[in-house]
Amino acid sequence: MALDEAVAVTGATEIDAVVIGAGPVGLFAVFELGLVDIKTLVIDILDRPGGQCAELYPEKPIYDIPALPTVTGQELTDRLLEQIKPFGAQFVFGERVDELQRGEDGRFHLKTDAGREIVAKVVVIAAGGGSFTPKRPPLEGIEAYEGKSVHYAVRRMEDFRGKDVLIVGGGDSALDWTLNLAPLAKSLTLMHRRDEFRGAPHSVEQMRALVAEGKVSLVIGQVTKLHGETGNLEAVTAKTSDGAEQRLAVNAILPFFGLTMKLGPVAHWGLNLNENLVLVDTEKFETSEKGIFAVGDINWYPGKLKLILSGFHEVALMAQQAHKYVHPEKKLMFQYTTSSSSLQKKLGVK
Amino acid sequence: MVKLTFVQPDGASRTVDAEPGVTVMEAAKLNDIPGIEAECGGACACATCHVYVDPEWVDKTGKPEAIEEDMLDFAFDVRKESRLSCQIKVTPDLDGLTVRVPAKQF
């Protein structure tokens, strides 16, 4: 969804509310905002909805969702998507909101890492543990090499042409890039801690064939040290599975060790924080900035519990206040979905 | 109660009481043992509760299952005695278990 639009972003998208994060709480925010006539656009850095539920434990049962004695992370995500369908939220995947500022007209101006611009009346931060970012191997001095010789993603394959490339990891990313970069690179070494790979069996076979042909070298071991001046990598020291040390001359590394969560750009939006969590009140779940809300795992208030069900409660109260900003002229009447014909109309059940 | 000892990279160690049935990760978190992050909360989905089981105890704690072995691919400085502490259940058999906390959890 992101890729086709990343090329040419023309003008800003205008919307009532932007929800940052498509995890369970972000998705349910669409529901509660929808009930009070607030149109939403949801942005997530991952390429699909579900947040941690889909990324970390899609198959694990969750036992503390009211009325669902057991539900997996993926099922919960799917059910929420079904529940919010009537509200026709827009979704943007694979992008991270980098900038958030209040414009002269009082609305919020957001910009993603793909250059997409959005203008919204309210912003709901439902970013969970923060944005998923590639894990950085805790090797001494690695920061200096990042962007120059150490890359966590392949932006342009051409950048690796003619280089001595080291790919570290045993999953699909490591295997796919081994297969794709081997023809371009001067030399390609794949390093993994064990001689078993998690990636697709077909990719493993192809990789093994390249190793047999001498086009890829496979090292079973782990990187322990980086060598080179001013960010230009010259070699790495690796500890092989038998405990021996080996020096490999390489000038580019692609480490693939999965994702971790970092607060990321949210930390720079001028919101009051408490140990990397966004401070909110417990009446509206509003941050120190009026019109910006924080719900779910990313917020903090006295007594906070990082439970999905707490996040659901938070979005319901948040929506009441959001309504005041988005529809200041309208009085909000409290209604039940079981009896209100206007709510039922919005839900498409009447 | 079962005694568990956590040894830090600098050699400092602490012995705590754990109820049989909890995981070694949970016992560490309950006792504020530094260096056990458990970012995913024990779902075997993050590899930030990595520990080295004392070689003398490896037989008793057993070998990691395939899913844990896969997840250990995401840990740093993995060794033969590496385990994810959220996957070791405390049993009376493990009374006296010693595990070492790695220098870094990634």
Side-chain angles (χ1 to χ4, degrees), chain A residues 51-64 72-73 128-130 132-140 142 168-175 191-199 220-225 238-239 241-243 255-262 297 305-308, chain B residues 8-10 21-23 25-26 28-30 32 34-55 58 62-89 100-106:
Chain A
Q52 288 181 57
C53 280
E55 184 66 25
L56 293 182
Y57 42 86
E59 305 303 328
K60 297 254 169 188
I62 307 169
Y63 300 105
D64 61 351
T72 66
F132 279 95
T133 49
K135 276 189 179 179
R136 158 201 273 183
L139 294 163
E140 208 188 315
I142 193 167
V168 191
D172 282 314
S173 303
L175 289 166
M191 189 182 298
H192 186 40
R193 71 171 185 96
R194 55 180 178 143
D195 200 7
E196 268 176 69
F197 291 82
R198 304 183 311 281
I220 306 304
Q222 298 171 78
V223 177
T224 56
K225 212 168 184 291
K239 195 168 76 179
S241 49
D242 52 8
F256 293 111
F257 286 96
L259 303 171
T260 184
M261 285 168 287
K262 293 263 179 288
D297 283 3
L305 286 180
K306 287 188 184 184
L307 292 177
I308 293 171
Chain B
Q8 293 296 324
D10 65 0
V22 305
T23 66
M25 178 278 280
E26 287 166 335
K29 297 297 277 184
L30 278 171
D32 299 317
I36 305 285
E37 290 172 20
E39 201 176 76
C40 78
C44 195
C46 76
T48 60
C49 66
H50 177 206
V51 294
Y52 304 117
V53 173
D54 186 284
V58 167
K63 286 226 173 296
E65 286 184 29
I67 178 182
E68 183 186 343
E69 199 59 81
D70 281 355
M71 202 42 64
L72 277 167
D73 284 351
F74 298 116
F76 185 69
D77 194 5
V78 179
R79 304 173 193 173
K80 273 195 212 80
E81 59 278 16
S82 285
R83 288 293 307 269
L84 295 181
S85 54
C86 72
Q87 300 300 304
I88 309 175
K89 268 242 159 50
R100 282 178 304 123
V101 178
K104 281 177 180 149
Q105 286 287 6
F106 234 103

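All heavy atoms count here, side chains included; hydrogens, waters and symmetry mates do not. Throughout, a chain's letter reflects where its sequence line sits, starting with A, and its residues are numbered from 1.
Between B:Cys44 and B:Cys86, the closest heavy-atom pair is N-SG, 3.9 Å. For B:Gln8 against B:Pro34, the heavy-atom pair with the smallest separation is NE2-O, 3.0 Å. The shortest heavy-atom contact between B:Ala45 and B:Cys40 is N-SG, 3.4 Å. Across all their heavy atoms, B:Cys46 and B:Ala38 have their closest contact at SG-C, 4.3 Å.
The side-chain heavy atoms of A:Pro137 and A:Phe257, taken from C-beta on, include a pair separated by under 4.5 Å. At least one side-chain heavy atom of B:Leu84 sits less than 4.5 Å from a side-chain heavy atom of B:Met71.
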Short donor-acceptor separations (under 3.5 Å), chain B to chain A:
unit_1	atom_1	unit_2	atom_2	d
B:Glu39	OE1	A:Thr260	OG1	3.2
B:Glu39	OE2	A:Thr260	OG1	2.9
B:Ala43	O	A:Lys60	NZ	2.9
B:Cys46	O	A:Lys135	NZ	2.9
B:Glu69	O	A:Arg193	NH2	2.7
B:Glu69	OE2	A:Arg193	NH1	3.3
B:Glu69	OE2	A:Arg193	NH2	2.6
B:Asp70	OD1	A:Arg194	NH2	2.7
B:Asp73	OD1	A:Arg193	NE	2.8
B:Asp73	OD1	A:Arg193	NH2	3.3
B:Asp73	OD1	A:Arg194	NE	3.0
B:Asp73	OD2	A:His192	NE2	3.2
B:Asp73	OD2	A:Arg194	NH2	3.0
B:Asp73	OD2	A:Arg198	NH1	2.5
B:Phe74	O	A:Lys135	NZ	3.2
B:Asp77	N	A:Gln222	OE1	3.3
B:Asp77	OD1	A:Lys239	NZ	3.4
B:Val78	N	A:Gln222	OE1	2.7
B:Val78	O	A:Gln222	NE2	2.7

